**Q** 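Would you mind keeping the following structure in view while I ask a few things?
Bear in mind the structure is a predicted one, so any value in this text is a computation, not a measurement. Here is the naming used below: chain letters follow the sequence lines, and residue numbers restart at 1 for every chain.
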There are 2 protein chains.
Amino acid sequence: MPGLGDLERSVMDVLWDSHEARSAYDVQNALAADSERPLAATTVLTVLSRLEKKGFVRRERVERPHRYSAVASREDHMAELMHEVLGGADDRQAVLARFVGQVSPAEAEALRKLLSAN
Amino acid sequence: MPGLGDLERSVMDVLWDSHEARSAYDVQNALAADSERPLAATTVLTVLSRLEKKGFVRRERVERPHRYSAVASREDHMAELMHEVLGGADDRQAVLARFVGQVSPAEAEALRKLLSAN
DNA sequence: AGCTATTTCTACGCTCTGTAGAACTCGTTC
DNA sequence: GAACGAGTTCTACAGAGCGTAGAAATAGCT
């Protein structure tokens with residue numbers, strides 16, 4: 001249930017950026033584009049397996065190159081993380097107060113709209 | 001820059017719950033109250049030192065039993081964590097939309113008030 | 001049945017965290 | 001001022017998580 005490591009997060013980013021299911025090779029190539037040294041195929045597979053075990057990634061074993069996809073969208077994931085933080089608070093309202101106190105005016109306005117849209 | 005471990009969080013909780021600066025012994029006793037097995041004094045000191053290095057705790061070395069206190073309030077800390085999560089998003093508004101979409105009606109109302117209070 | 005692409009198993013080094021003994025320091029006592 | 005004791009710093013180690021990948025197993029194709 002812990003968070004994500006650096007490489008794990010990079011892999012999630014790849015899956016999030018291409019909204020379809022991807023093979024391990026796709027992920028490997030996408031990662032290679034960003035960094036000099038390419039990762040071994042097994043490394044990518046290991047990370048994907050760990051992400052699956054953690055519940056962040058879904059794997060389709062139908063075709064031979066298995067396809068992987070993110071369980072939740074990046075936005076849902078992040079919103080969930082924020083709720084997790086908030087969940088550990090005894091005084092949620094106080095935390096929310098501090099939180100909205102630090103958002104930019106533009107974002108405050110956006111929040112107002114979101115909340116009134118109801 | 002990583003997060004907090006279980007014991008580290010417990011120590012922070014002690015400091016947060018008593019809003020004044022506390023000695024390591026105070027922390028040790030508070031922790032002993034919650035769990036069966038008491039921790040060694042050095043363990044508490046080590047954790048407090050690590051928390052200081054991480055910037056979560058401030059230490060006053062004036063008196064002989066040093067006094068420790070939380071740098072930020074629990075609420076500020078949590079709001080900060082939420083902003084950290086949000087900071088990693090490319091589309092912040094989308095994350096905020098998901099986030100407010102999952103708050104309870106009561107909290108949504110509270111948020112409305114907080115935002116209109118400008 | 002054998003070759004090749006892919007996946008699973010196993011493993012190792014590094015960092016972080018919980019845990020604490022050993023060693024050191026500083027104010028107080030004889 | 002030498003010894004003592006409370007408190008602090010140093011050093012250490014084990015376990016978990018993660019990056020990393022070779023070795024071994026598997027599965028489809030020829």
Side-chain angles (χ1 to χ4, degrees), chain A residues 1-15 20-70 77 81 84 88, chain B residues 1-15 20-70 77 81 84 88:
Chain A
M1 341 294 158
L4 299 173
D6 288 340
L7 179 54
E8 290 175 333
R9 191 173 312 270
S10 299
V11 168
M12 288 308 297
D13 276 333
V14 171
L15 294 181
E20 348 162 31
R22 285 296 178 182
S23 74
Y25 267 118
D26 291 340
V27 174
Q28 184 185 26
N29 287 335
L31 291 175
D34 290 326
S35 61
E36 275 324 296
R37 195 158 98 60
L39 295 168
T42 54
T43 299
V44 179
L45 265 302
T46 300
V47 171
L48 283 167
S49 292
R50 287 177 182 165
L51 287 171
E52 188 196 18
K53 182 172 302 178
K54 290 184 184 180
F56 293 114
V57 157
R58 186 188 311 114
R59 160 167 22 186
E60 298 162 38
R61 295 169 196 258
V62 280
E63 292 170 32
R64 190 43 163 153
H66 296 177
R67 316 305 286 299
Y68 302 84
S69 54
H77 172 67
L81 279 188
E84 266 171 41
Chain B
M1 338 284 158
L4 299 173
D6 288 341
L7 180 53
E8 289 175 333
R9 190 173 312 271
S10 299
V11 168
M12 287 309 297
D13 277 332
V14 171
L15 294 181
E20 347 162 31
R22 287 296 180 180
S23 75
Y25 267 118
D26 292 339
V27 174
Q28 185 185 26
N29 287 336
L31 291 175
D34 290 326
S35 61
E36 275 323 297
R37 195 158 98 60
L39 294 169
T42 54
T43 299
V44 179
L45 266 301
T46 300
V47 171
L48 283 168
S49 293
R50 287 177 182 169
L51 287 172
E52 189 197 18
K53 182 170 303 178
K54 291 184 185 181
F56 293 113
V57 156
R58 185 188 310 113
R59 162 170 15 189
E60 297 162 40
R61 295 166 194 261
V62 279
E63 294 171 28
R64 191 42 163 152
H66 297 177
R67 319 301 289 296
Y68 302 83
S69 53
H77 171 67
L81 279 187
E84 266 172 41

**Q** With respect to the side chain of A/Lys54, which nucleotide from C/dT17, D/dC18, D/dT20 is positioned closest?
**A** D/dC18

**Q** Nearest-Å distance, CD (A/Glu8) to C1' (D/dG19)?
**A** 9 Å

**Q** Just how far, in rounded Å, is P of D/dT20 from CG of A/Leu51?
**A** 13 Å

**Q** Among D/dG19, D/dA21, C/dT19, which nucleotide has an atom closest to any side-chain atom of A/Leu39?
**A** D/dA21

**Q** CG of A/Leu31 versus P of D/dG19: gap in Å, rounded?
**A** 11 Å

**Q** For DNA chain C, just give me the dot-bracket, please: Watson-Crick or G-U, both distances below 3.5 Å, ( ) intra-strand, [ ] crossing earlier pairs, | paired with another strand, . unpaired.
**A** ||||||||||||||||||||||||||||||

**Q** What is the separation between atom CZ on B/Phe56 and atom P on C/dC16, rounded to the nearest whole Å?
**A** 13 Å

**Q** Please list, by residue number, the residues of residues 59-70 of chain A whose heavy atoms come closer than 4.0 Å to an atom of DNA chain C; answer none if no residue qualifies.
**A** A/Arg59, A/Arg61, A/Arg64, A/Pro65, A/His66

**Q** Using the rule side-chain contact (heavy atoms from CB on, under 4.5 Å), only one of A/Glu8, A/Arg9, A/Met12 pairs with A/Phe56; which is it?
**A** A/Met12

**Q** How close or far is atom C1' of D/dT20 from atom CG of A/Leu45, stated in whole angstroms?
**A** 13 Å

**Q** Among C/dT19, C/dT7, C/dT6, find the nucleotide with the atom closest to the side chain of B/Arg37.
**A** C/dT19

**Q** Can you find an N or O donor on one side and an acceptor on the other, under 3.5 Å apart, linking the side chain of A/Arg50 with the base of D/dT20?
**A** yes

**Q** Please tell me which of the listed nucleotides, C/dT17, C/dA20, D/dC18, lies nearest to the side chain of B/Thr46?
**A** C/dA20

**Q** When rounded to the nearest 0.5 angstrom, what distance separates CG in B/Leu7 from CG in B/Leu51?
**A** 8.5 Å

**Q** Consider only side-chain N and O atoms of B/Tyr68 and B/Arg59, and report whether a donor and an acceptor are under 3.5 Å apart.
**A** yes

**Q** If I take atom CG in residue A/Leu7 and atom P in nucleotide C/dC14, what distance separates them, rounded to the nearest angstrom?
**A** 18 Å

**Q** Under 3.5 Å, is there a donor-acceptor pair between the side chain of A/Asn29 and the main chain of A/Asp26?
**A** no

**Q** Give me the atom names and distance for the closest heavy-atom approach of A/Leu48 to A/Val57.
**A** O-CG1, 4.4 Å

**Q** Just one of B/Val47, B/Asp6, B/Thr43 clears the side-chain contact (heavy atoms from CB on, under 4.5 Å) bar with B/Val11, so which one?
**A** B/Val47

**Q** Rounding to an integer number of Å, can you tell me how far A/Asp26 CG sits from C/dA5 C1'?
**A** 15 Å

**Q** Determine, stepwise, if the pair A/Leu81 / B/Leu81 fulfils side chain to side chain contact (heavy atoms under 4.5 Å, CB included).
**A** CA-CA 10 Å; A/Leu81 279 188; B/Leu81 279 187; over 6 Å; no

**Q** So A/His77 and A/Leu4, do their side chains get closer than 4.5 Å, heavy atoms only?
**A** yes

**Q** Tell me if the side-chain of A/Thr42 makes a donor-acceptor pair with the base of D/dA23, cut-off 3.5 Å, by modelled atom types.
**A** no

**Q** Check this for me: does any side-chain nitrogen of one of A/Glu60 and A/Arg58 sit under 4.0 Å from a carboxylate oxygen of the other?
**A** no

**Q** Rounded to whole angstrom units, what separation is found between the CG atom of B/Asp6 and the P atom of C/dC16?
**A** 17 Å

**Q** If the condition is side-chain hydrogen bond (donor to acceptor under 3.5 Å, both in side chains), which residues does B/Gln28 pass it with, not counting sequence neighbours?
**A** none

**Q** Between B/Ser49 and A/Thr43, just flag the one whose closest nucleotide in DNA chain D comes earlier from the 5' side.
**A** B/Ser49

**Q** Of the options C/dT6, C/dT19, D/dG7, whose atoms approach the side-chain atoms of B/Tyr25 most closely?
**A** D/dG7

